[in-house]
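Here is the structure we will look at.
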There are 2 protein chains.
Amino acid sequence: MADQVEDLTGSCAKPQRRSIGAKRNPATEEAILGAAQEILRDKGVKGLSMEAVAKRARAGKATLYKWWPSRGALLVAVYERAKGEHVHEDKGTLIATMAAFYRYVFDFWRTAEGQVFALIIAEAQSDADVAEALERYRKERLVALAEVVDRSQARGELIEGAQAEALAETIMAAAWMRLITGRLDSDPERLAHEVLDGWMVGNR
Amino acid sequence: MADQVEDLTGSCAKPQRRSIGAKRNPATEEAILGAAQEILRDKGVKGLSMEAVAKRARAGKATLYKWWPSRGALLVAVYERAKGEHVHEDKGTLIATMAAFYRYVFDFWRTAEGQVFALIIAEAQSDADVAEALERYRKERLVALAEVVDRSQARGELIEGAQAEALAETIMAAAWMRLITGRLDSDPERLAHEVLDGWMVGNR
DNA sequence: GCTTATATGAACGATGCGTTCAGATGTGTA
DNA sequence: TACACATCTGAACGCATCGTTCATATAAGC
C-alpha cells in the first residue's frame, strides 16, 4: 500500500496524498494553491470557495483551515502566488513609466487570478485580518512606487512641491479606483497624464 | 381585529401592520428601512442581514425581496436614505473646498450608516446590479465635483492643462482609497494639498 | 518504540440567501 | 354588491458556504 504517487491530475481513483509524518507536506500546499488557481480559470472567481478548493485538491477542509485560517487568508495566498512582482521598468519619463505600470496592472487584474485582488478588497471591508494583509501589501507597493517617483524627482521632472510618497499614493488610488468600479479598460497612457501632468515641470 | 395601530416600537404583542389593499403600504417601506438603520446603529454593519431586517421590521422576507430584489439593492437603498446630499460649499479656494469635502465624507463614512458605503463597494465586486448602482452613483457625484473644479478653473486657480472631470476623479479616488484601506482618520486638509497642489497656479 | 504532528474524509452546526406557500387584508372595478 | 387583484405576514424550504470536530491513518524524530 501507500503508493506515494503524485497524482495531481486525478486519473487514479483512490488515495494519493497522505501525511508524510510529523511535518508539513509541501505537496499539499502546492495542491491546494494549484487547485485554487485551476478553479479560478475554470469557474471564475465565483466558484472559489473553501469547499471547492478542498475537493479539487483532494484535501481535507481541516487541512485548509489549519494553514489558512480563513477564506480571506487563502485569497491573499492565492493572489501573492499569482502576481508577478512588477518591477517598474524605467521608460525615461515618469508619465511613460506609470503608463506602463497602469497597463500592466490593468491587464493582470483582468486575468482570472488577478480578479482575486478585487475580492480581497471586498473581503477586507468585513474581515480585519484581510484588511491588515491588504494594508501591508499597499504599503509595500507604495514604497516601490515612491522610489520611481523619487528617481523622477532627482531627474528634475517634478515641480518643487511634489512629495514622492503622496504622489505615489495618488497614482495608486487612481488605479484601485478603476479596479473597484470595473473600468479596467481605461487608457493607461491617458490616465497617467490625467494624474501626473499637473506635477510635471514645464506645464507652466 | 384589525387594530391599525402604528406600533413600530413593539410594545404590543401580536399584529401591527397588514395589507392596506391592492397597493403598496408606505409604512412597510418605512419600517424596513428604519429597521435597517436601527440594526446598523445597534449591531453594526455585520448584523445587517435580510433576515434580521425582516424580523426587526416585523415584515415578511417575501416583502423585502419584492421591493429590494437582493441584499445589495437593500444596501443601496439604506445608503441613499442615510446620506445627506453633500453640497460643496465654496470655501474660497479649491483646496479649502475639497478639504471640507474630505472632512465631510470621512466623518460620514465613519458613522454606522456611512459604513454601508464600504459594504456596497465590496458587494459590487461580485454583484453586477450593485456594481451598476455604484457606477451610477459615482458618475452623479463626479458631476457635482467637476462643477466645483470648473468654478475654480474659471476663477483662474488652476493651471492651463487641468481638466475638470479628470481632476475630479483623482480627488474622488483619493477619498475612496482611504475608505477601502481603513484610513478615514487621514487629515483632510493635508490630503487636499497632496492631491491638488500640483494643479494650482502659483506652484511654479 | 513512543511521541508528535500531519493528512484525509466525513459529519455537524450555524448562518444567510433567495424562494415558495397559505391565509388574511382591503382597494378598485364590474 | 360581488369579485378580481395586489399586497402583507409568517413560516417553511432548499441550497450554499463557512468554520469546527472527530476518527483514522501516516511517518518523522527522539
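Quick caveat: nothing in here was measured; it's all calculated off a predicted structure. We name chains A, B, ... by the order of the sequence lines, and we start the count at 1 in each one.
Residues A:Arg71 and A:Asp129 are not paired through a salt bridge, judged by the lack of any N-O separation under 4.0 Å between the basic side chain and the carboxylate. A salt bridge links B:Glu113 to B:Arg41: one of the charged nitrogens lies within less than 4.0 Å of a carboxylate oxygen. With salt bridges taken as basic N to acidic carboxylate O contacts below 4.0 Å, none links A:Arg17 and A:Glu30. A salt bridge links A:Glu169 and B:Arg183; the closest N-O separation between the charged side-chain nitrogens and carboxylate oxygens is under 4.0 Å. A salt bridge is absent between B:Arg190 and B:Asp197; no separation between the charged side-chain nitrogens and carboxylate oxygens falls under 4.0 Å. Ion pairing between B:Glu132 and B:Arg136 holds under the 4.0 Å rule for side-chain N and carboxylate O. No salt bridge links B:Arg138 with B:Glu140; every basic N to acidic carboxylate O contact stays at or beyond 4.0 Å.
Regarding B:Lys23, its NZ atom lies at a distance of 11 Å from the C1' atom of D:dT7, rounded to whole Å. One atom, CD of A:Glu29, and another, C1' of C:dA7, lie 14 Å apart when rounded to the nearest Å. When rounded to the nearest whole Å, the span between CD of A:Glu51 and C1' of C:dT15 equals 13 Å. Between the CD1 atom of B:Ile20 and the C1' atom of C:dA24 there is a distance of 15 Å, rounded to whole Å.
The side chain of B:Arg71 contributes no N or O atom lying less than 4.0 Å from OP1 or OP2 of C:dG16. For D:dT26, one of the phosphate oxygens OP1 or OP2 lies less than 4.0 angstrom from a side-chain nitrogen or oxygen of A:Arg18. Checking the phosphate oxygens (OP1, OP2) of C:dA7, a side-chain nitrogen or oxygen of A:Thr28 falls inside 4.0 Å. In terms of phosphate contacts, B:Arg24 brings no side-chain nitrogen or oxygen within less than 4.0 Å of OP1 or OP2 of D:dA6.
Applying the ring-ring contact (aromatic ring centres under 6.0 Å, His included) test to residues at least two apart or on different chains, the pairs with a partner in residues 67-90 of chain B are B:Tyr79-B:Phe108, B:Tyr79-B:Phe117, B:Tyr79-B:Tyr137, B:His86-B:His88, B:His86-B:Phe101, B:His86-B:Tyr104, B:His88-B:Phe101.
Shown for residues 114-133 of chain B: no residue has heavy atoms falling under 4.0 angstrom of DNA chain D. Listed by residue number, the members of residues 61-69 of chain A with any heavy atom below 4.0 angstrom from DNA chain C are A:Ala62, A:Thr63, A:Lys66, A:Trp67.
Considering only the side chain of A:Ser49, D:dT17 comes nearest among D:dA28, D:dA6, D:dT17.
Looking only at atom types and distance, the side chain of B:Arg110 has no donor-acceptor partner in the side chain of B:Gln115 under 3.5 Å away.
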